[in-house]
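For reference, the structure is listed below as structure tokens.
Note that these values count all heavy atoms, side chains included, but never hydrogens, waters or copies made by symmetry. If you're wondering where the values come from, they're calculated on a predicted model, not measured in any experiment.
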Amino acid sequence: MTSRSDATAIVVTHNSARQIPATLAALHQADLPVRMVDNASTDETVDLVRALFPTVTVLANTENLGFAAAVNQAALGVDSAVLLLVNPDCVVPPTTAHELVRVATERYGVAGPRLVDPAGRVAVSAHPFETLTTVVASRFGGPLVPVPLRWWLSGRRHRLTYDACLRGDRPTPVDWLSGACLAVPTRLFCAIGGLDEAYFMYYEDEEFCLQARHRGAEVLYVPAVSACHIGGASSSDPLWIWPHLYRSMLLFFSRHRSRSRHLVRVVVLLRALLGIGLAGVRLSLQPRVGLARLRAWTRVGRLAISRLPS
């Protein structure tokens, strides 16, 4: 069993008032100090947390700095041995928090639990590093291609990782883990320089795990313990989500996949054009939804032909 001084939990919020009480209540039960950074919420997130959880250290930003920058902001000055990064829509039971801290400490690596949705269904949260093939399979598969088939098309490493997510029971080394819940030794976090702030949101977890592995650290999927992750709680607006997602994807491939980065741009552009066409069809049936998707895919298309910072 871990003690209070072993770890500090870090939570980044943005309009998270509906989800954050359950998240913080679980961390309180785990007897972990919590540092929360709010990225300019327009709901009652900050006031609610300050009223219900007075022991939580709250840093309220006046503008949305992005997830990575907010995590780094929260981590400044923390002297605990381990940082436990938790999304505001992820409920981490005490046993899970303690086990992740133990694994991260003893094996000096990044540790993440099995993630399940509120209905108890297992989410695939451990992954091999992305390639052109996996991008094509995931971005063009959609609901028409079953997930198992998409994973089969993506290659043996994906199939093995998928199997570990569904049926594994021991800590398993993987390439990268979802950032919804991660335990990281503070020394490793500092050695890497924290999360990469070039990613406003998305792909910062894959980038961080890649950098951890470059430094000889393990990235460990720990399926013996679980956390409940709702997913997408801060925003479901495609005009907000999709451009950030694809910008981060293009940035990751520009940095780490020099041979396929141009082809990935083509794939993203084609996906945007397909999305624009489907949104045009939807306009007559659902004008508001169709217009939002039309604008979102137009932004994605522009990103595919623009120059991104490295």
Side-chain angles (χ1 to χ4, degrees), residues 1-11 22-23 26-34 71 75 78 80-129 151 157-189 191-192 195 204-231:
M1 186 67 67
T2 62
S3 66
R4 182 180 176 86
S5 62
D6 287 330
T8 295
I10 290 177
V11 182
T23 298
L27 294 173
H28 178 73
Q29 290 177 352
D31 199 26
L32 293 179
V34 180
V71 168
V78 172
S80 301
V82 174
L83 301 176
L84 183 66
L85 312 185
V86 181
N87 276 12
D89 56 359
C90 188
V91 178
V92 184
T95 52
T96 297
H98 296 154
E99 178 63 7
L100 293 179
V101 171
R102 184 193 68 79
V103 171
T105 301
E106 292 184 359
R107 297 183 63 164
Y108 189 69
V110 181
R114 172 172 279 151
L115 296 180
V116 298
D117 68 13
R121 294 182 292 260
V122 176
V124 177
S125 56
H127 313 271
F129 294 122
W151 279 75
R157 285 179 63 80
H158 269 261
R159 294 196 295 274
L160 290 175
T161 308
Y162 181 73
D163 188 66
C165 285
L166 295 183
R167 288 174 281 276
D169 58 3
R170 297 181 180 180
T172 303
V174 296
D175 284 352
W176 68 280
L177 293 162
S178 165
C181 178
L182 291 178
V184 185
T186 306
R187 186 159 55 94
L188 176 61
F189 186 88
I192 293 172
L195 298 188
E204 72 288 320
D205 42 14
E206 187 168 0
E207 178 76 36
F208 185 84
C209 291
L210 177 63
Q211 297 305 322
R213 286 169 57 89
H214 282 170
R215 286 160 176 79
E218 291 185 297
V219 177
L220 295 159
Y221 178 67
V222 187
V225 291
S226 64
C228 182
H229 184 222
I230 297 172

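- Looking at His229 and Asp89, their side chains do bring a donor and an acceptor atom within 3.5 Å of each other.
- Closest approach of Ala224 to Asp169, counting heavy atoms only: CB-O, 3.9 Å.
- Atom CG of Asn87 is separated from atom CD1 of Ile230 by 10.5 Å, given to the nearest 0.5 angstrom.
- Residue Ala75 comes nearest to Leu83 through the heavy atom pair CB-CD1, 4.0 Å, listed as atom of the first residue, atom of the second, then distance.
- With sequence neighbours excluded, the residues that form a side-chain contact (heavy atoms from CB on, under 4.5 Å) with Arg215 are Ile192, Gln211.
- Side-chain contact check for Thr105 versus Asp6: every heavy-atom pair is 4.5 Å or farther apart.
- For the atom pair Thr8 OG1 and Leu32 CG, the distance stands at 7.5 Å (nearest 0.5 Å).
- Contact annotation: the side chain of Arg102 approaches that of Glu99 to within less than 4.5 Å [non-hydrogen atoms, C-beta and beyond].
- No donor-acceptor contact under 3.5 angstrom links the side chains of Ser125 and Ser178, judged on distance only.
- In this structure, CZ on Arg114 lies 11.0 Å from OG1 on Thr96, to the nearest 0.5 angstrom.
- To the nearest 0.5 Å, atoms SG (Cys209) and CG (Leu182) are separated by 6.0 Å.
- Checked by atom type and distance alone, the side chain of Trp176 pairs as donor or acceptor with a backbone atom of Pro128 at under 3.5 Å.
- Scanning for ring-ring contact (aromatic ring centres under 6.0 Å, His included) contacts around Tyr221 gives an empty result, with sequence neighbours left out.
- Taking 4.5 Å as the limit, some side-chain heavy atom of Phe189 sits within range of a side-chain heavy atom of Phe208.
- Contact record, Ala22 with Val91: CB-CG2, 3.9 Å, taken as the closest heavy-atom pair.
- Proximity of Leu85 to Cys181: side-chain heavy atoms (C-beta onward) are nowhere separated by under 4.5 Å.
- Each of Val34, Val92, Val86 was checked for a side-chain contact (heavy atoms from CB on, under 4.5 Å) with Thr23, and the lone residue meeting it is Val86.
- Shortest non-hydrogen contact noted between Val103 and Ala111 is CG1-CB, 4.0 Å.
- Smallest separation of non-hydrogen atoms from Pro171 and Arg107: CB-NH1, 3.8 Å.
- Taking all atoms of both residues into account, the shortest heavy-atom contact from Gly179 to Asp205 is N-OD2, 2.9 Å.
- In this structure, the separation between OG1 on Thr95 and CD on Gln29 is 10.5 Å, given to the nearest 0.5 Å.
- Remark: side-chain polar atoms of Thr186 are paired, donor with acceptor, to backbone N or O of Ser80 under 3.5 angstrom.
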